[in-house]
Amino acid sequence: QVQLVESGGGLVQPGGSLRLSCAASGFTLDYYAIAWFRQVPGKEREGISCFSSSDSMTSYADSVKGRFTISGDNAKNTVYLQMNSLKPEDTAVYYCVRRLGSRCGTKWYIRDGSNYWGQGTQVTVSS
């Protein structure tokens, strides 16, 4: 049974850091890319980062490039999103999703029809 469980969200002040985790089960990271999306009420989910173990590639949206770092630990079957220099506009529910393929590709920021999403974790950046 495929399952994705996010953790690590919370309340942080502007300029602070958080590390999100996406623990995967029922499959291995070797065969599927993992992306992070985020969503605020009333808006579409925004793709922010992608990790593919098969080709060791990482991708980032311009809005988080230079501040967020995605990584994976195959032994733990977990993908991490280290978020630094957080801004109030980073406030959202963050979701990880198993992509349909093993690579992020060039359109990783677009939903590809995968039904395997985590339950989401809330990140709030506020003073």
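The chain is numbered in sequence order, starting from 1.
- For the disulfide (SG to SG under 2.5 Å) condition, the pairs that include at least one residue of residues 30-74, sequence neighbours left out, are Cys50-Cys104.
- Atom-to-atom distance recorded for Ser49:OG and Trp108:CH2 is 6.0 Å, nearest 0.5 angstrom.
- Taking both residues in full, the closest heavy atoms of Arg45 and Arg111 are given as CD-NH1, 4.0 Å, listed atom of the first, atom of the second, then distance.
- Asp30 places no side-chain N or O within donor-acceptor distance of the main-chain N or O of Ser53, the cut-off being under 3.5 Å.
- A distance of 12.5 Å separates CD1 of Ile34 from CG of Leu81, quoted to the nearest 0.5 Å.
- Counting only distance, with no hydrogens or angles, the side chain of Ser54 and the backbone of Ser102 share a donor-acceptor pair below 3.5 Å.
- By the neighbour-count criterion of 12 heavy atoms within 6.0 Å, atom CD of Glu44 is sparsely surrounded, having that number or fewer from other residues, nucleotides or ligands.
- With ring centers used as reference points, Trp36 lies 6.0 Å or more from Phe68.
- The side chain to side chain donor-acceptor pair (under 3.5 Å) test applied to Lys107 returns no partner, not counting sequence neighbours.
- Residues Val2 and Val97 do not share a hydrophobic cluster, defined by chaining ILVMFWY side chains whose heavy atoms lie under 4.5 Å apart.
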Check: Should Leu4 and Arg98 be marked as a side-chain contact (heavy atoms from CB on, under 4.5 Å) after you check the CA-CA gap, both sets of side-chain angles, and the distance that decides it?
Finding: CA-CA 8 Å; Leu4 297 165; Arg98 191 188 84 170; 4.2 Å; yes
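- Remark: Tyr95 OH to Gln119 CD distance equals 9.0 Å, nearest 0.5 Å.
- Leu20 and Ile48 fall within the same hydrophobic cluster, where Ile, Leu, Val, Met, Phe, Trp and Tyr residues are linked whenever their side-chain heavy atoms come under 4.5 Å apart, directly or through other members.
- No donor-acceptor pair under 3.5 Å is formed between the side chain of Asp73 and the backbone N or O of Thr78.
- Checked for salt-bridge contact, Asp62 and Lys65 meet the test: a charged N lies under 4.0 Å from a carboxylate O.
- Distance CG/Asn77 to CG/Leu29: 4.0 Å, rounded to 0.5 Å.
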Next item on the list: Kindly indicate, with the supporting measurements, whether the criterion side-chain contact (heavy atoms from CB on, under 4.5 Å) is fulfilled by Val79 and Cys96.
Entry: CA-CA 9 Å; Val79 173; Cys96 62; over 6 Å; no
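- Inter-residue side-chain proximity for Arg38 and Val64 is flagged as met; some heavy-atom pair is nearer than 4.5 Å.
- Summarising the local packing, CZ of Phe27 is surrounded by more than 12 heavy atoms from other residues, nucleotides or ligands at distances under 6.0 Å.
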Margin query: Test side-chain contact (heavy atoms from CB on, under 4.5 Å) on Tyr94 and Glu6; report intermediate values, then the result.
Written below: CA-CA 8 Å; Tyr94 284 70; Glu6 301 100 335; over 6 Å; no
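- Under a 3.5 Å cut-off, the side chain of Tyr80 and the backbone N or O of Thr69 do not form any donor-acceptor pair.
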Show the atom names and distances, to 0.1 Å, of all donor-acceptor pairs under 3.5 Å that link a side chain in residues 120-127 to residues at least two apart or in another chain.
from, atom 1, to, atom 2, distance (Å)
Thr121, OG1, Gly9, N, 3.2
Gln122, NE2, Ala92, O, 3.4
Gln122, NE2, Thr124, OG1, 3.3

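- For Asn115, the CG atom counts as loosely surrounded, since its 6.0 Å shell holds 12 or fewer non-hydrogen atoms of other residues, nucleotides or ligands.
- Under the 3.5 Å distance criterion, with hydrogens and angles disregarded, a donor-acceptor pair is assigned to the side chains of Ser63 and Glu46.
- A distance of 8.5 Å separates CD in Gln82 from CG in Leu18, rounded to the nearest 0.5 Å.
- Between the side chains of Arg99 and Tyr32, no donor-acceptor pair is found at a separation under 3.5 Å.
- Between the side chain of Ser21 and the main chain of Ala23, no donor-acceptor pair closer than 3.5 Å is present.
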